[in-house]
> 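I'd like to ask you about the structure that follows.
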Amino acid sequence: MGTPRGNKSYISLGLKYRRETGAAELRVLDQRLLPAEERWLSAEDPAQMGHLIQELAVRGAPMIGVCAALSLACEASRGANAEQLRASARMLREARPTAVNLAWAVDRLLALPVERWIEEAERIAAEDIALCEGMARNGAALVAQGERVLTHCNTGGLATVGVGTALGVLRRAHEQGKAISVWVDETRPLLQGGRLTAWELGRLGIPYRLVVDSAAGMLMARGEVDRVLVGADRIACNGDAANKIGTYSLAVLARHHGVPFHIVAPRSTVDRACPDGAAIPIEQRAPDEVRGPWAPPDAPVYNPAFDTTPAELITSWILDDAVLSSQDVAEGALRTIEP
Ligand code: MRU
């Protein structure tokens, strides 16, 4: 079944992929257990991968696209037929609705004969690393010495195969000796900031302080935030951007306090078929993610996992090959981004 010549392996913070002779192997770090436990799970079966993506064991827009593609590569390497592979791909494509990177990666495979899926999936993984490098380079150039940057959710090596999106920018600025410090939003309800971003920043030795999400306004009012950097799960052609719930509130606060607010994302997050934020599907998740031991067990819950920030609140879009201004975006720059 179209196995390319030579060995291939990718080892990142949250993923281990290896193809030598025979079936390819894929393991992922279970992000539900971090930071308490570092448990690696086998994830060669697309049905299992679909479940891990839905449960957020594997998460972050670029990462779920790469993992879906690599699990299909594993299935192809085991000799699955075209019908099976295409059915698995269609199932994975639906695993989560908001991050366009998932559909983007799966559609790249579906557009090809299955004999080329292994090679294409591996190319998607390799590209993600390069896209992260581009964002890190472009974004770090904007960060000045000593800046205090606020970020939301997790956008680092766990959310991509490379250095990350917004967190990759912070990492590069830190490596450049800019003495930055980071305000990390906890990111209720699943605490991607408190659990995952804090863990990554600690490993990288980047100074940070964890804050509850609702502290952002007070910090900005006191002049303690120089910049907000966040990722995105889907960017519409007009620049509106969906990201983890709470991002919109940060953008409103940033505008009120005159703090620059940037979206950091690769080209795979730009949805050229999506005219504006109103057309972005927003994932609704289970009530139990919001109810804690403090709430009545039957408390009615509304749990949108993402919100949409209108383009007018965004200072710039830091992409892998460009930094777009409001004027660039208003003139249609996102419509012509190469896929
Ligand atoms: O529900 P999650 O944890 O997958 O949400 C992730 C985010 O919202 C990130 O900010 C986004 O994927 C962009 S960064 C890679």
Side-chain angles (χ1 to χ4, degrees), residues 50 53-54 56 58-66 68 90 92-108 128 131 135 151-155 159-160 165-166 185 187-190 192 213 228-255 261-286 289-290 302-320 324 326 328-339:
I53 289 173
Q54 282 170 342
L56 271 57
V58 177
R59 48 146 299 283
M63 182 69 158
I64 60 176
V66 172
R90 286 191 294 272
L92 277 168
R93 195 181 188 284
E94 304 305 318
R96 292 189 78 190
T98 303
V100 74
N101 312 61
L102 177 60
W104 170 86
V106 172
D107 287 346
R108 273 180 63 166
D128 184 67
L131 293 171
M135 288 178 270
T151 193
H152 192 65
C153 198
N154 171 265
T155 62
T160 63
T165 61
D185 265 3
T187 318
R188 278 278 295 153
L190 296 178
Q192 287 93 333
D213 298 347
V228 179
L229 289 172
V230 294
D233 286 76
R234 190 183 300 235
I235 302 176
C237 285
N238 73 340
D240 295 351
N243 191 49
K244 180 54 56 195
I245 190 76
T247 302
Y248 170 57
S249 317
L250 288 176
V252 172
L253 286 169
R255 172 57 52 91
F261 178 95
H262 310 268
I263 294 286
V264 189
R267 68 187 67 201
S268 50
T269 304
V270 178
D271 184 355
R272 278 157 294 271
C274 180
D276 56 36
I280 300 178
I282 298 294
E283 179 181 10
Q284 302 291 327
R285 293 189 59 89
E289 291 182 350
V290 174
Y302 178 54
N303 184 18
F306 299 94
D307 58 27
T308 304
T309 298
E312 70 202 61
L313 296 178
I314 299 170
T315 309
S316 71
W317 292 254
I318 300 169
L319 306 179
D320 49 281
L324 301 180
S326 301
D328 297 329
V329 168
E331 288 171 357
L334 289 167
R335 282 191 192 88
T336 54
I337 295 281
E338 294 273 322

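Basis for what follows: all heavy atoms, side chains included, without hydrogens, waters or symmetry-related copies.
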> What residues form a side chain to side chain contact (heavy atoms under 4.5 Å, CB included) with R272, not counting sequence neighbours?
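Expected list: V270, I337, P339.
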> Flag yes if more than 12 heavy atoms outside Y248 fall under 6.0 Å of its OH atom; otherwise flag no.
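No, because the 6.0 Å sphere around OH of Y248 holds 12 heavy atoms or fewer from other groups.
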> State, to 0.1 Å, how close G277 and T308 come at their nearest heavy-atom pair, and which atoms those are.
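Of all heavy-atom pairs spanning G277 and T308, the closest is CA-CG2, 3.6 Å.
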> Could you list the residues that satisfy salt bridge (charged side-chain N to carboxylate O under 4.0 Å, His left out) with D328, not counting sequence neighbours?
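Applying salt bridge (charged side-chain N to carboxylate O under 4.0 Å, His left out) to D328 gives none.
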> Checking T187 now: which residues fulfil side chain to side chain donor-acceptor pair (under 3.5 Å) with it, not counting sequence neighbours?
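Once residues adjacent in sequence are excluded, T187 has no partner under the side chain to side chain donor-acceptor pair (under 3.5 Å) criterion.
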> So, taking the atom named CE in M63 and the one named CG in N154, what distance separates them when rounded to the nearest 0.5 Å?
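With rounding to 0.5 Å, CE (M63) is 10.0 Å from CG (N154).
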> Can you tell me how far the CG atom of L319 sits from the CG atom of L324, to the nearest 0.5 Å?
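Result: 4.5 Å between the selected atoms.
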> Using the side chain to side chain contact (heavy atoms under 4.5 Å, CB included) criterion, which residues pair with S316? Sequence neighbours excluded.
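Per chain and number, S316 pairs via side chain to side chain contact (heavy atoms under 4.5 Å, CB included) with L142, H262, I318, V323.
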> According to side chain to side chain donor-acceptor pair (under 3.5 Å), who are the partners of D271, at least two apart in sequence or on a separate chain?
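For D271, the residues satisfying side chain to side chain donor-acceptor pair (under 3.5 Å) (neighbours in sequence not counted) are R234.
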> May I ask you to test the T165-P266 pair for a side-chain heavy-atom distance under 4.5 Å?
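Yes. Closest side-chain heavy atoms under 4.5 Å.
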> So which heavy atom on D307 is nearest to which on G246, and how close?
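So the two residues come closest at OD2-N, 2.8 Å.
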> Checking E331 now: which residues fulfil salt bridge (charged side-chain N to carboxylate O under 4.0 Å, His left out) with it, not counting sequence neighbours?
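Result, salt bridge (charged side-chain N to carboxylate O under 4.0 Å, His left out) vs E331: none returned.
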> Once side chain to side chain contact (heavy atoms under 4.5 Å, CB included) is applied, do any residues pair with D276, and if so which ones, sequence neighbours excluded?
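With sequence neighbours excluded, D276 shows a side chain to side chain contact (heavy atoms under 4.5 Å, CB included) to N238, D240, A278, A279, given in chain and number order.
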> Can you name the side chain to side chain donor-acceptor pair (under 3.5 Å) partners of N243, sequence neighbours left out?
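Partners of N243 by the side chain to side chain donor-acceptor pair (under 3.5 Å) criterion, ordered by chain and then number, come out as T247.
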> How far does OG of S268 sit from CZ of R108, to the nearest 0.5 angstrom?
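S268 OG to R108 CZ: 9.0 Å, rounded to 0.5 Å.
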> Measuring from atom CD of Q192 to atom CG of D185, what distance do you get when rounded to the nearest 0.5 angstrom?
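Interatomic distance, Q192 CD to D185 CG, rounded to 0.5 Å: 11.5 Å.
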> Any sub-3.5 Å donor-acceptor pair from H152's side-chain atoms to G231's backbone N or O?
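Judged by distance alone, no pair lies under 3.5 Å.
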> Please report the shortest heavy-atom distance between A241 and A232, naming the atom on each side.
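So the minimum-distance heavy-atom pair works out to CB-CB, 4.3 Å.
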> Can you see which heavy atom on L334 is nearest to which on I235, and at what distance?
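Taking every non-hydrogen atom into account, CD1-CG2, 3.9 Å.
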> Less than 4.5 Å apart, any side-chain heavy atom of F261 and any of I263?
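Contact flag for F261/I263 side chains = yes.
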> What is the distance from atom OG1 of T269 to atom CH2 of W317, rounded to the nearest 0.5 Å?
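Reported value, rounded in 0.5 Å steps: 14.5 Å.
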> Checking D128 now: which residues fulfil salt bridge (charged side-chain N to carboxylate O under 4.0 Å, His left out) with it, not counting sequence neighbours?
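So D128 forms no salt bridge (charged side-chain N to carboxylate O under 4.0 Å, His left out) with any residue.
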> Does some side-chain heavy atom of N101 sit less than 4.5 Å from a side-chain heavy atom of I64?
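Sidechains of N101 and I64: no contact.
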> How far does CZ of F306 sit from CD of Q284, to the nearest 0.5 angstrom?
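Answer for the CZ-CD pair, F306 versus Q284, is 11.0 Å.
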> Looking only at non-hydrogen atoms, find the nearest pair between I245 and P304 and report the distance.
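Smallest interatomic distance, heavy atoms only, reads CB-O, 3.5 Å.
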> Okay, side chain of R267, backbone of L131: is any donor-acceptor separation there less than 3.5 Å?
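No, R267 side chain to L131 backbone: no donor-acceptor pair under 3.5 Å.
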> Could you tell me which residues satisfy side chain to side chain contact (heavy atoms under 4.5 Å, CB included) with V290, sequence neighbours excluded, listed by chain and number?
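For V290, the residues satisfying side chain to side chain contact (heavy atoms under 4.5 Å, CB included) (neighbours in sequence not counted) are R188, P189, V301, N303.
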> Which heavy atom of A166 sits nearest a heavy atom of T151, and at what distance?
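Scanning both residues, the minimum pair turns out to be CB-OG1, 4.3 Å.
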> Just by distance, do the side chain of T155 and the backbone of V230 share a donor-acceptor pair under 3.5 Å?
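Side chain of T155 to backbone of V230: no pair is present.
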> Applying salt bridge (charged side-chain N to carboxylate O under 4.0 Å, His left out), name anything that partners R59, two or more places apart in sequence or on another chain.
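R59 satisfies salt bridge (charged side-chain N to carboxylate O under 4.0 Å, His left out) with no other residue.
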> According to side chain to side chain donor-acceptor pair (under 3.5 Å), who are the partners of E283, at least two apart in sequence or on a separate chain?
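E283 satisfies side chain to side chain donor-acceptor pair (under 3.5 Å) with R96, R285 once adjacent residues are dropped.
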